[in-house]
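We name chains A, B, ... by the order of the sequence lines, and we start the count at 1 in each one. None of the values given here were measured: they were computed from a predicted structure. Every heavy atom of this structure was used, including side-chain atoms; hydrogens, water molecules and symmetry mates were not.
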There are 2 protein chains.
Amino acid sequence: MPDSSRHQPTIRVLDVLERLASAPQGLSLTALAADTGFSKSTLFPIMKTLLARRYIRLAPDTLRYLWGVGGIALAGAGMAAAPWLSAINDEMRAVVQGCGEVCQMGVLEGRDILYVAKVEAKRQVRLLSQVGKRLPANCTALGKALLAQFDRARLEEIFADGLPGFTERSSVTLDDLEARLEEVRRLGYAEDDRELHEETVCLAVALRQRGRPVAAISVSLPVFRANGEAREAILGLLFAARERVEAMLDGLPELNFAED
Amino acid sequence: MPDSSRHQPTIRVLDVLERLASAPQGLSLTALAADTGFSKSTLFPIMKTLLARRYIRLAPDTLRYLWGVGGIALAGAGMAAAPWLSAINDEMRAVVQGCGEVCQMGVLEGRDILYVAKVEAKRQVRLLSQVGKRLPANCTALGKALLAQFDRARLEEIFADGLPGFTERSSVTLDDLEARLEEVRRLGYAEDDRELHEETVCLAVALRQRGRPVAAISVSLPVFRANGEAREAILGLLFAARERVEAMLDGLPELNFAED
DNA sequence: AAACCGCATTCATTTATACGAATGATTTCT
DNA sequence: AGAAATCATTCGTATAAATGAATGCGGTTT
C-alpha cells in the first residue's frame, strides 16, 4: 500500500542525517549503507548533495562523513524556533561538568521517549539511545519521569499495545509500572536500573512548565560506577538544573509538543 | 547532465526543512510550494513523512506547518557536535535583548556567507538572509568582517568569478572591496550600508579562535532606525559579545570549517 | 611483486516518484 | 446568504531515481 506518510526518499535523507548526527567520529559510506539498510549506490547521490550543501563534510584524512556546518545551521534554526533548547543545553552541560557522565534530554511521544539533545562526557558510555531516536518510555528513566504525571486510565491508553521489555528488570506490566511511577512521584526523580541495558543505570527528572511536564533530562552511567555517592551527586546536579530550567520555562510562552 | 551532487529528492527535503526552519509562524503547503518552486503534490508526501517523524507539526488552528521536536532533535545533535554554537547563541540573544534588532551568525564558504544562526527581535526586519542560506560575502557585513583577514592574492582567488552586486552601493571591484576591508581592519568591525538591500544596514564583528577568525555575528536594522546613537549602542553590544565568545572559543579544541 | 581487501564510483534495467489537472472541503469576502 | 478564494488531497501518466553487479582505486598482506 502506497502510504504517503512513508515517502522513501524523505526517509532516506532523515535516516542519514540522524545516523550521522550521533556519530561524532564519522561514518564511511559503506558503514552508513550497512547501518541504514540502503544500498551504497542509493546513498551516493544523497551524500554528494548533502556535501554540496555542507550539511556534512568529509574527514580530510579518513574518508568518513561528518556532521557539517549546514547541519549546524539547522541547529541554529531549531534554536531560533526553540530558544529554551539552548538554555536547557547549558544546564545539561553544567550537569556533565559536575559528574563527568553523559546527560540527555527527551520528550514523550506516545509510548516512546524521543531523544532531543545530548551532552557527551569524556568517559563514554555505550548508549542505546541517540538524538532523534525513540525508545519505549516504560524502560527509560526519562520516560518514567514523564509518565509519572498520568493516571492509570491514561497509562492504559498509552500502552494499549502492551509494554515492551529490554531486560528482565524492565517493567512489562501496568501494575509493575504503576508501582514504579508511584515511587517516582514520591522521590521526585525516576530511575532506570538496568531496565534498558544490562550495564547501564539512568537517573532522570521531569522539567515542568507551570506545573505541566514538557521534557525530562537524565544522566546515564555504567552500573559499576553507580555507587551511592555518585548517585547522590548526580541527583543534586539534576535537581539544581531542574530548578533553574523551570524558572526559565515559566517565563516563556507555552511549549507545544502536541501529538497531532 | 545528471549531476550526482544535485539529487532532487534530497534537495527538496533540505529546502523544506530550511524554509520552515526560518518561518517561526509556519507556512501552509501552498505557501511552501510557492516558496520552494516544487508542486504541492510533490511536497505532500514529503510533509506527511516529516510529520510522521515529528520533524514538523501542524499548527492546531490554522493549517500551517511548524518546526517540530524531531527537527529540534536534529538541532540537539548539531549542538552536541558544536557545543560552542549554544554559547554563541546565548551571546546573540544578549545582543538582541540589548538593541531590539535581529542578530545573525555566519561562516565563510568560498565567496559566500552561510547563515548559521539567527536570533529574532520583536521589531521584525525583512531580511534577504535566512539560516541555511548563502549570500555573497562581499555584499554583507558578516562577509566583510571575515574577508578582512585575507590579502589581495587570496581575495583574487576567492573572487575569481567576479564580485556579485545587489545594489548600486555593493562593492563589485576588488579595489573597492579592498579599501573597505582596510577600513574593517582599522575599526575592528564591518558595515553593510545598503549594499545587500536598499533599506537595510548591518554591523558585524568577526569571532576569532586563537587569532583565527572562525565566524562572525551581525546586527541588521532598517536604515531609518540606523542613527548614530543606535549604531554606537549596537557596536558596544557586539564588542562585548565578541570578547566573551572569544574567551570561550580559546578554551576549546580547534573549530573546523574545512572547505572540503 | 602479486594478490587481496575495503573503499568509492559507474552503469543498465526495474521500479518508484513527480507533475499538472481535477476534486472536494473549508474559509473569507461582498 | 451566496460567491469567490484558498486550502489539502487524489489520480494517471511521464519521468526520474533505486538497485545490484561491475569497475576502478589506494593501501596492506602473503
Side-chain angles (χ1 to χ4, degrees), chain A residues 1-20 23-68 70 258-260, chain B residues 1-20 23-68 70 258-260:
Chain A
M1 59 180 110
D3 184 352
S4 69
S5 73
R6 297 193 175 188
H7 188 248
Q8 289 249 36
T10 304
I11 290 175
R12 277 185 278 259
V13 174
L14 296 184
D15 280 355
V16 167
L17 286 177
E18 286 180 3
R19 193 66 199 78
L20 228 48
Q25 71 275 55
L27 287 169
S28 73
L29 180 58
T30 326
L32 207 58
D35 262 28
T36 57
F38 307 119
S39 70
K40 285 187 290 183
S41 37
T42 303
L43 256 33
F44 185 65
I46 298 177
M47 302 314 281
K48 283 287 187 200
T49 307
L50 290 174
L51 271 177
R53 304 259 302 229
R54 297 284 190 272
Y55 274 71
I56 56 176
R57 62 195 172 87
L58 269 175
D61 45 342
T62 166
L63 290 177
R64 283 152 102 155
Y65 293 104
L66 292 170
W67 197 250
E259 288 281 315
D260 274 48
Chain B
M1 58 180 107
D3 184 352
S4 70
S5 73
R6 296 193 176 190
H7 186 248
Q8 288 247 38
T10 305
I11 290 176
R12 278 186 278 258
V13 173
L14 296 184
D15 281 354
V16 166
L17 287 177
E18 286 179 4
R19 193 67 200 77
L20 228 48
Q25 69 275 62
L27 287 169
S28 72
L29 180 60
T30 326
L32 207 58
D35 263 28
T36 57
F38 307 118
S39 71
K40 285 187 291 181
S41 36
T42 303
L43 256 32
F44 185 63
I46 298 176
M47 303 314 280
K48 282 288 187 198
T49 307
L50 289 174
L51 272 176
R53 305 257 305 226
R54 297 284 192 274
Y55 273 71
I56 57 176
R57 61 192 172 88
L58 268 174
D61 44 340
T62 165
L63 290 178
R64 284 152 97 152
Y65 293 105
L66 291 170
W67 197 251
E259 288 281 314
D260 279 48

If the condition is side chain to side chain donor-acceptor pair (under 3.5 Å), which residues does [X] pass it with, not counting sequence neighbours?
X: B:T10; result: B:H7
X: B:S39; result: B:S41, B:T42
X: B:Y55; result: A:E18

task: Using a 4.5 Å cut-off on heavy atoms from C-beta on, say whether the side chain of B:L32 contacts that of B:D15.
output: no

Are OP1 or OP2 of [N] and a side-chain N or O of [X] less than 4.0 angstrom apart?
X: A:H7; N: C:dA18; answer: yes
X: B:T30; N: D:dA8; answer: yes
X: B:R64; N: D:dC7; answer: no

Atom pair distance, as rounded to whole Å: [atom1] in [X] and [atom2] in [N]:
X: B:I56; N: D:dA8; atom1: CD1; atom2: P; value: 11 Å
X: B:I46; N: D:dT9; atom1: CD1; atom2: P; value: 14 Å
X: B:L58; N: D:dT9; atom1: CG; atom2: P; value: 8 Å
X: B:I11; N: C:dT17; atom1: CD1; atom2: C1'; value: 15 Å
X: B:R6; N: C:dA18; atom1: CZ; atom2: P; value: 19 Å
X: A:F44; N: D:dA21; atom1: CZ; atom2: C1'; value: 16 Å

query: For DNA chain C, what is the dot-bracket line, given that a base pair needs Watson-Crick (N1 to N3, plus N6-O4 or O6-N4) or G-U wobble (N1-O2 and O6-N3) geometry with both distances under 3.5 Å, and | means paired with another strand?
result: ||||||||||||||||||||||||||||||

- request: Scan residues 32-40 of chain B against DNA chain D and write down, sorted by residue number, each residue with any heavy atom closer than 4.0 Å; if none is found, say none.
  value: B:K40

- prompt: What residues, two or more places apart in sequence or in another chain, satisfy side chain to side chain contact (heavy atoms under 4.5 Å, CB included) together with B:L29?
  reply: B:K40, B:L43, B:F44, B:M47, B:Y65

query: With A:A31, which residues qualify under side chain to side chain contact (heavy atoms under 4.5 Å, CB included), at least two apart?
result: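 Scan of A:A31 (side chain to side chain contact (heavy atoms under 4.5 Å, CB included), adjacent residues dropped) gives A:L27, A:S28.
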
message: For A:L27 and B:Q8, find the nucleotide of DNA chain C closest to each by heavy atoms; which residue's nucleotide sits nearer the 5' end?
response: A:L27

Pairwise 5' ranking along DNA chain C for A:R12 and A:K48, keeping only the more 5' one: A:K48

- line: Value for CZ (A:R64) from CG (A:L58), rounded to nearest 0.5 Å, stands at 12.0 Å

- request: Please determine, for the side chain of A:S41, which listed nucleotide (C:dG20, C:dT10, D:dA17) has the closest atom?
  value: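 Ranking C:dG20, C:dT10, D:dA17 by closest atom to the A:S41 side chain puts C:dT10 first.
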
- prompt: Touch check for B:P45, heavy atoms < 4.0 angstrom, all strands: base, sugar-phosphate only, or nothing?
  reply: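 No contact.
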
- prompt: A:S28 near the nucleic acid: base, sugar-phosphate alone, or nothing, with a heavy-atom cut-off under 4.0 Å?
  reply: sugar-phosphate

message: If the condition is salt bridge (Lys or Arg N to Asp or Glu O under 4.0 Å), which residues does B:R12 pass it with, not counting sequence neighbours?
response: none

task: Mind jotting down which residue pairs meet the salt bridge (Lys or Arg N to Asp or Glu O under 4.0 Å) criterion with at least one end in residues 23-34 of chain B? Sequence neighbours excluded, please.
output: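 Salt bridge (Lys or Arg N to Asp or Glu O under 4.0 Å) check on residues 23-34 of chain B returns no pairs.
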
